[in-house]
Number of protein chains: 2
Amino acid sequence: MILKTNRKSLVEQVAEQIEQLIEQKHWKVGDKLPPEMELIEEFDVSRNTLREAVRALVHAGLLETKQGSGTMVRSTSALDAALKRHVKKSTMLETLEVRLALEKQAAQMAAERRTESDLIDLELCINNCKEASAKKDLEQFISSDIQFHKTVVAASNNQLLIDLYENMTEVLFSFVQDFMTIEPLFPFEQGIHLELFKAIQKQNKESAAAYVENDMEVLKESIIKIMKE
Amino acid sequence: MILKTNRKSLVEQVAEQIEQLIEQKHWKVGDKLPPEMELIEEFDVSRNTLREAVRALVHAGLLETKQGSGTMVRSTSALDAALKRHVKKSTMLETLEVRLALEKQAAQMAAERRTESDLIDLELCINNCKEASAKKDLEQFISSDIQFHKTVVAASNNQLLIDLYENMTEVLFSFVQDFMTIEPLFPFEQGIHLELFKAIQKQNKESAAAYVENDMEVLKESIIKIMKE
DNA sequence: CCAGAAAATTTGTAGGATGATTGGTACATC
DNA sequence: GATGTACCAATCATCCTACAAATTTTCTGG
């Protein structure tokens with residue numbers, strides 16, 4: 001067996017190290033990286049090499065550079081940027097369908113694995129929604145609603161699923177938030193929340209999945225309706 | 001009102017153009033890009049700027065450079081590389097669960113939307129599996145099996161779903177292909193194929209989903225079993 | 001203290017020089 | 001003729017210096 005010629009380029013080595021330092025929270029989101037000159041000395045490479053490494057991570061969405069100011073950490077994961085770019089080429093309905101797939105699975109897994117702490121979190125979200133609904137505060141309702149769904153997915157305890165779901169949700173709502181009025185849906189959404197919560201509490205997989213499907217179906221129809229106008 | 005300084009860096013502009021040229025099939029997968037010097041002239045930028053742009057796309061997985069040889073197009077989508085990097089940090093079971101979510105949804109959608117042509121494709125895959133099974137050809141069986149599942153997902157007609165599913169599948173099988181012997185599963189897999197095909201043919205959503213779930217459950221258990229050894 | 005100018009800092013772009021790797025060619029050898 | 005070797009050309013990798021442009025910090029005159 002012959003070993004692969006695995007000699008990575010200097011640029012890739014530096015990029016990898018920076019990525020690791022970000023992942024290990026040595027540099028956190030929002031932090032400013034040391035200026036090029038210092039990094040050059042630390043990594044012991046030329047300015048070109050360092051710049052190519054940094055530029056690769058900027059393109060990937062992890063870093064952000066501003067001329068004259070410096071380089072900042074923008075995100076800990078390159079998946080966000082790549083998914084967003086890719087999803088932009090898809091239609092809203094396609095994205096919605098994928099989100100449905102993920103949330104349905106997540107709801108079933110949440111029903112199986114939910115802890116007491118998950119239930120407490122979910123109840124908190126439900127109360128926030130109720131509060132927003134009483135105040136007719138659309139913005140708070142939407143954000144609480146999203147938080148509820150995210151909390152359901154979080155209870156699945158599958159990090160990959162959580163990451164993908166959050167991306168889908170984010171992209172979807174950046175699509176619709178401008179022209180969508182979901183106010184008439186308030187009572188319906190709250191009903192779903194409560195039923196889904198009960199299903200997860202009782203660890204009833206099938207009915208949890210059914211409620212998610214029901215919810216998505218309504219959301220889908222209202223999106224289709226809006227798009228026809 | 002003053003417009004934001006929307007001036008993208010030269011590097012990003014060049015990278016974007018190259019990305020577009022790849023997407024528009026001006027440069028196809030496997031093609032060799034012109035050497036740096038020519039690209040410098042075409043884009044009218046400095047060597048550094050061009051190299052930073054190319055390097056960003058190399059890191060994203062779209063291009064591949066070999067010293068002395070040139071720069072080749074490796075993929076048309078950056079999602080592949082990003083997902084792979086991200087999924088590598090997940091466990092195999094997490095990946096499997098996401099794949100289940102996607103395929104279950106896809107099977108239901110396939111049952112609703114399948115065309116006659118989809119059915120023909122599926123039958124072809126089934127026959128290939130049968131053939132491989134008769135010859136005890138493990139490699140052909142696995143590749144035909146994967147092809148069958150991909151064809152089911154393709155019948156969903158949702159490109160985003162298809163892209164995500166293919167990535168999950170690819171990563172999973174690169175995990176297991178080395179040490180997994182699924183030969184004992186031949187009869188079971190073929191049974192599932194046939195039942196799933198019938199469900200899709202009869203446009204029975206529920207039973208299509210059930211068969212996928214059944215299939216995945218068995219695969220999951222056999223993976224868990226192997227990992228314990 | 002404060003506004004505005006000046007200086008320092010930092011990233012962006014340009015161009016050149018040298019080294020390393022790859023692919024191919026010509027030629028000698030067997 | 002097949003094979004191995006030496007050489008050459010093309011191409012990317014790395015390093016260097018220089019200057020431009022944007023931002024932040026410091027200084028200065030009132």
Side-chain angles (χ1 to χ4, degrees), chain A residues 2-19 21-22 27-75 81, chain B residues 2-19 21-22 27-75 81:
Chain A
I2 295 174
L3 290 173
K4 284 184 264 181
T5 61
N6 196 18
R7 187 165 162 235
K8 278 184 186 165
S9 73
L10 267 182
V11 176
E12 276 303 322
Q13 289 179 45
V14 172
E16 215 167 87
Q17 280 192 63
I18 295 177
E19 240 172 321
L21 286 168
I22 292 173
W27 293 320
K28 294 169 193 167
V29 174
D31 281 4
K32 214 156 79 169
L33 264 61
E36 285 179 351
M37 292 309 289
E38 282 182 36
L39 292 175
I40 287 170
E41 286 182 12
E42 287 191 39
F43 288 113
D44 192 33
V45 294
S46 75
R47 181 151 181 245
N48 275 356
T49 303
L50 179 85
R51 280 186 59 81
E52 284 182 26
V54 168
R55 180 67 70 180
L57 299 185
V58 168
H59 188 80
L62 270 84
L63 299 179
E64 187 175 13
T65 57
K66 266 208 303 195
Q67 189 176 176
S69 175
T71 303
M72 266 183 27
V73 179
R74 195 169 174 272
S75 164
Chain B
I2 293 174
L3 290 174
K4 280 185 202 170
T5 60
N6 193 20
R7 191 177 155 215
K8 276 186 188 167
S9 76
L10 267 182
V11 177
E12 277 304 321
Q13 289 179 46
V14 172
E16 217 167 86
Q17 280 193 62
I18 295 178
E19 247 173 315
L21 286 168
I22 292 174
W27 293 320
K28 294 169 193 168
V29 174
D31 281 4
K32 215 158 75 169
L33 264 61
E36 283 179 352
M37 292 310 290
E38 282 183 36
L39 291 175
I40 287 171
E41 286 181 12
E42 287 190 39
F43 287 111
D44 192 32
V45 294
S46 79
R47 197 173 133 72
N48 275 351
T49 302
L50 181 85
R51 278 187 60 81
E52 284 182 25
V54 168
R55 178 68 70 180
L57 300 185
V58 168
H59 187 81
L62 269 80
L63 299 179
E64 187 176 13
T65 57
K66 267 207 300 194
Q67 190 176 174
S69 175
T71 304
M72 265 183 26
V73 179
R74 195 170 174 269
S75 165

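Being a predicted model, the structure only gives us computed values, none of them experimental. All values below were derived from every heavy atom in this structure, side-chain atoms included, with hydrogens, water molecules and symmetry-related copies excluded. Numbers restart at 1 for each chain; the letters A, B, ... are given by sequence-line order, proteins then strands.
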How do A:Val45 and B:Lys66 order along DNA chain D: which one's closest nucleotide is nearer the 5' end?
-> B:Lys66
Can you check whether A:Phe43 reaches A:Thr49 side chain to side chain, under 4.5 Å on heavy atoms?
-> no
Separation of B:Gln17 CD from B:Glu42 CD (nearest 0.5 Å) | 10.0 Å
Determine yes or no for a side-chain-to-main-chain donor-acceptor pair under 3.5 angstrom, with B:Glu52 supplying the side chain and A:Arg51 the backbone.
-> no
Atom CD of B:Gln67 and atom P of C:dA20: how far apart are they, to the nearest Å?
-> 9 Å
May I ask you to verify if any side-chain N or O of B:Arg51 is less than 4.0 angstrom from the OP1 or OP2 atom of D:dC12?
-> no
Tell me whether the OP1 or OP2 atom of C:dG12 has a side-chain N or O from A:Thr65 closer than 4.0 Å.
-> yes
C:dG12 base to B:Glu52 side chain: any donor-acceptor pair below 3.5 Å?
-> no
Under-4.0 Å side-chain N/O to phosphate OP1/OP2 contact, B:Ser46 with C:dA14 | yes
Comparing B:Asn48 with B:Lys32, nearest DNA chain D nucleotide closer to 5' gives the residue B:Lys32
Separation of B:Glu64 atom CD from C:dT22 atom C1', in whole Å?
-> 14 Å
B:Ser69 side chain near D:dC12 phosphate (N/O to OP1/OP2, under 4.0 Å) = no
N or O in side chain of B:Thr49 less than 4.0 angstrom from C:dA14 OP1/OP2 = yes
Give the rounded distance in Å between these two atoms: CE of B:Met37 and P of D:dA9.
-> 18 Å
To the nearest angstrom, the CG-C1' distance between B:Leu10 and D:dA20 comes to 12 Å
Find the distance between OG (B:Ser9) and CD (B:Glu16) and round it off to the nearest 0.5 Å.
-> 9.5 Å
Separation of D:dT11 atom C1' from B:Met72 atom CE, nearest Å, is 15 Å
Answer yes or no: side-chain N or O of A:Arg47 and base N or O of C:dT13 forming a donor-acceptor pair under 3.5 Å.
-> yes
Once you round it to whole Å, what is the distance between P of D:dT11 and CG of B:Leu39?
-> 11 Å
Is a side-chain N or O of B:Glu64 found less than 3.5 angstrom from the main chain of B:Val73, in a donor-acceptor match?
-> no
When the distance from CD1 of A:Ile40 to P of D:dC15 is rounded to whole Å, what number comes out?
-> 10 Å
Separation of atom CZ in B:Phe43 from atom P in C:dT13, rounded to whole Å | 14 Å
